[in-house]
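Here the structure is laid out as structure tokens; the discussion comes afterwards.
A note on names: the letters A, B, ... follow the listed sequences, proteins ahead of strands, and every chain is numbered from 1. As the structure is a computational prediction, the values presented were derived from the model and not from experiment.
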Amino acid sequence: MEITDFVTERGRGLVRTAYLLTGDLAAAEDLVQTALARCVPRWADIEHPVSYVRRAVVNAYLDSRRHGATDVGLDDLDHLPGVEAADLGTRDALWRCVQLLSPRERAVVVLRYYEDLDDAEIAVVLSVKQPTVRATVSRALARLRADHLHLLQDLP
Amino acid sequence: MNPHDALERNLAATLDTAAQQVPEEATARLMSGLADSVVVHQHRPRPRRVRVLLLVAAVALIAVVPTAVVTIREQGRAPSAGVASPPAGPGPDAVRLSGQTWDGRDISTSDFLGEPLLVVAWGGWCIPCRTQAAEVGAAGSRAGVTVLGIDVRDTNRDAAGKSEDELGLDFPSIWDASGDVAASVPGAATAYPFTLLVDGRGRVIGRWTGVTDGAELEDTLALAKSIDGAPPLLDGDVLAAAGTLAREQTERLKGVDVTATATVGRGVVRESNIGEPCTSGHVIHIQLAGRFDTVVHGGLPDQPYLPTSGVGITADLVTGEACLLGVSTGQQTPAPGAVVIYTS
């Protein structure tokens with residue numbers, strides 16, 4: 001499959017995944033663009049472009065967060081992109097909480113609950129062992145649960 | 001219901017909803033990003049800091065073929081460590097074509113040293129040559145680049161003159177009845193017409209066989225002029241470092257047998273977003289021109305020309321890092337001698 005066909009077919013889906021990782025549309029598009037560019041030279045050798053590029057997107061995200069990553073706390077919620085305080089419903093609140101996760105936690109959450117990957121598949125994407133995936137997922141869920149509760153209590 | 005499951009279900013729905021924020025146009029933007037500049041953001045093993053005085057960058061140009069050698073030449077400046085500086089007069093690789101016009105005037109490419117020169121080999125007997133001669137003449141005058149013809153194998157002196165008149169050629173041609181002059185062009189094409197772009201030091205920096213597209217030719221000429229007219233702005237250390245980078249990266253490409261020459265002209269600062277670690281947004285805009293059929297740019301979006309195969313490095317003007325190395329894909333393969341220039 002030509003890369004252009006691939007992008008036509010899968011481009012928006014990739015940007016969606018990237019958006020869930022970054023929470024910012026422009027950053028999401030940049031991420032996918034970066035990932036695709038890394039795949040270009042070896043495109044002909046890539047057997048499973050969907051999983052390959054997805055993995056490239058996730059790794060580009062983790063790389064970008066590794067350098068100059070900023071830790072956001074609950075106090076920073078109002079400054080997160082795309083979230084208006086007035087919009088706070090349960091779902092928005094949860095989305096805000098997702099943005100508080102660490103990059104790896106966020107990646108496993110997106111891969112599991114949006115991409116519907118199982119532990120084994122996530123392990124491949126992140127180049128870690130399955131128990132690590134499970135541990136990260138449960139830590140992410142615990143954080144989400146705590147933050148979510150906290151946030152909902154603060155709502156008017 | 002297990003609250004665990006509720007959170008997880010809620011999570012799936014939340015993510016699905018959030019993902020709807022991505023508009024359909026995202027795909028189109030990705031596609032245009034791909035087409036405009038298929039740039040590979042390389043993760044270099046260790047960041048290489050390049051000192052920048054003012055402007056920076058260098059580029060290697062290669063094909064989709066193995067072992068590229070990259071030479072970085074700095075223009076119009078004293079040589080510094082690791083960087084070859086071109087001689088003031090004709091270079092060792094200068095092309096020299098001499099003879100007489102059909103009406104007996106001596107003429108030579110060396111008459112035109114110091115400015116870019118377009119050489120077109122044509123013959124009145126060859127229909128595409130006639131088209132090309134007229135085309136090159138017109139492109140040359142529009143771009144303000146001198147044109148010299150080689151009238152190949154028009155054996156009759158008067159017929160040669162007549163052809164020039166018929167075609168309305170306003171440039172002189174070396175009358176090459178035997179074809180020897182045309183054959184003496186390094187790496188001579190055996191087919192006519194062919195067209196050469198020679199830089200101010202007599203080096204062939206562009207070569208086309210057959211009939212070229214006039215507009216494309218003009219673009220290349222405009223770039224060629226900016227090579228020769230560009231003031232020296234680049235620091236030798238920067239070039240050396242960029243050259244090393246270029247060499248490292250080109251060696252990674254397998255199957256190349258290309259000698260690419262990067263001629264440094266001047267850079268220009270553009271607002272751009274080419275990704276980390278070029279984070280300041282101020283980077284040099286690089287264009288590539290050379291022995292291939294189109295003019296290409298070296299690495300940034302919003303480029304008016306289609307990319308062909310090539311490799312480029314850009315440098316961040318604020319951080320001073322040569323931060324991006326791009327590999328562009330395309331149908332065409334640049335030949336040895338491709339030239340890299342920056343335009344303002």
Side-chain angles (χ1 to χ4, degrees), chain A residues 3-4 6-20 23-26 28-43 59-60 63-64 67-68 82-83 90-99 109-110 112-116 137-138 140-142 144-145 148, chain B residues 3-43 47 62 64 249 252-255 272-279 299 301 307 309 311 323-330:
Chain A
I3 192 163
T4 46
F6 176 82
V7 172
T8 306
E9 205 174 292
R10 301 277 179 173
R12 192 180 181 186
L14 288 166
V15 177
R16 282 181 162 162
T17 302
Y19 176 75
L20 295 178
D24 178 84
L25 185 55
E29 288 181 16
D30 282 354
L31 205 56
V32 176
Q33 200 73 261
T34 303
L36 285 172
R38 285 178 189 168
C39 297
V40 166
R42 54 190 87 105
W43 190 255
N59 284 315
D63 284 351
S64 72
H67 310 295
V83 183
T90 308
R91 218 164 254 183
D92 283 330
L94 188 54
W95 171 229
R96 293 173 115 199
C97 294
V98 169
Q99 304 190 42
V109 163
V110 170
R112 164 161 295 178
Y113 296 102
Y114 181 71
E115 295 274 2
D116 286 326
V137 170
S138 65
L141 290 177
L144 283 174
R145 197 168 292 116
H148 194 215
Chain B
H4 222 103
D5 295 340
L7 180 77
E8 293 185 47
R9 266 203 307 279
N10 198 351
L11 196 50
T14 298
L15 294 176
D16 270 339
T17 308
Q20 302 302 318
Q21 294 294 316
V22 175
E24 204 167 330
E25 298 80 60
T27 306
R29 282 195 289 268
L30 285 181
M31 289 300 283
S32 91
L34 269 187
D36 281 350
S37 67
V38 182
V39 167
V40 180
H41 294 243
Q42 296 277 359
H43 266 263
I62 11 173
V64 211
Q249 294 300 336
R252 292 157 51 97
L253 299 180
K254 303 299 178 195
S272 183
N273 60 332
I274 54 168
E276 40 97 27
C278 263
T279 48
S309 299
V311 166
C323 59
L324 176 143
L325 192 130
V327 176
S328 59
T329 61

B:R29 versus A:Q33: any side-chain heavy-atom pair under 4.5 Å? no
Whatever's closer than 4.5 Å to a heavy atom in chain B on A:V15 counts as both
Hey, could you give me the CD/CZ distance between B:Q21 and A:R16, rounded to the nearest 0.5 Å? 10.0 Å
Over 12 foreign heavy atoms within 6.0 Å of CD, B:E24: no
Counting C-beta onward and ignoring hydrogens, is there a side-chain heavy-atom pair between B:L11 and A:V98 closer than 4.5 Å? yes
Side-chain donor or acceptor of A:R12 paired with backbone N/O of B:V22 under 3.5 Å: yes
Give me the atom names and distance for the closest heavy-atom approach of A:G11 to B:T27. C-OG1, 4.1 Å
From CZ (A:R145) to CG (B:N10), nearest 0.5 Å: 11.5 Å
Looking only at B:A12, B:A26, B:A18, the option with the highest number of non-hydrogen pairs under 4.5 Å against chain A is B:A18
Looking only at heavy atoms, the pair that brings A:L94 and B:T14 closest together is CD2-OG1, 3.4 Å
If the test is side chain to side chain contact (heavy atoms under 4.5 Å, CB included), which one of A:T4, A:V32, A:T8 qualifies with B:L30? A:V32
I'd like to check B:T17 versus A:W95 (side-chain heavy atoms, cut-off strictly below 4.5 Å). Are they in contact? no
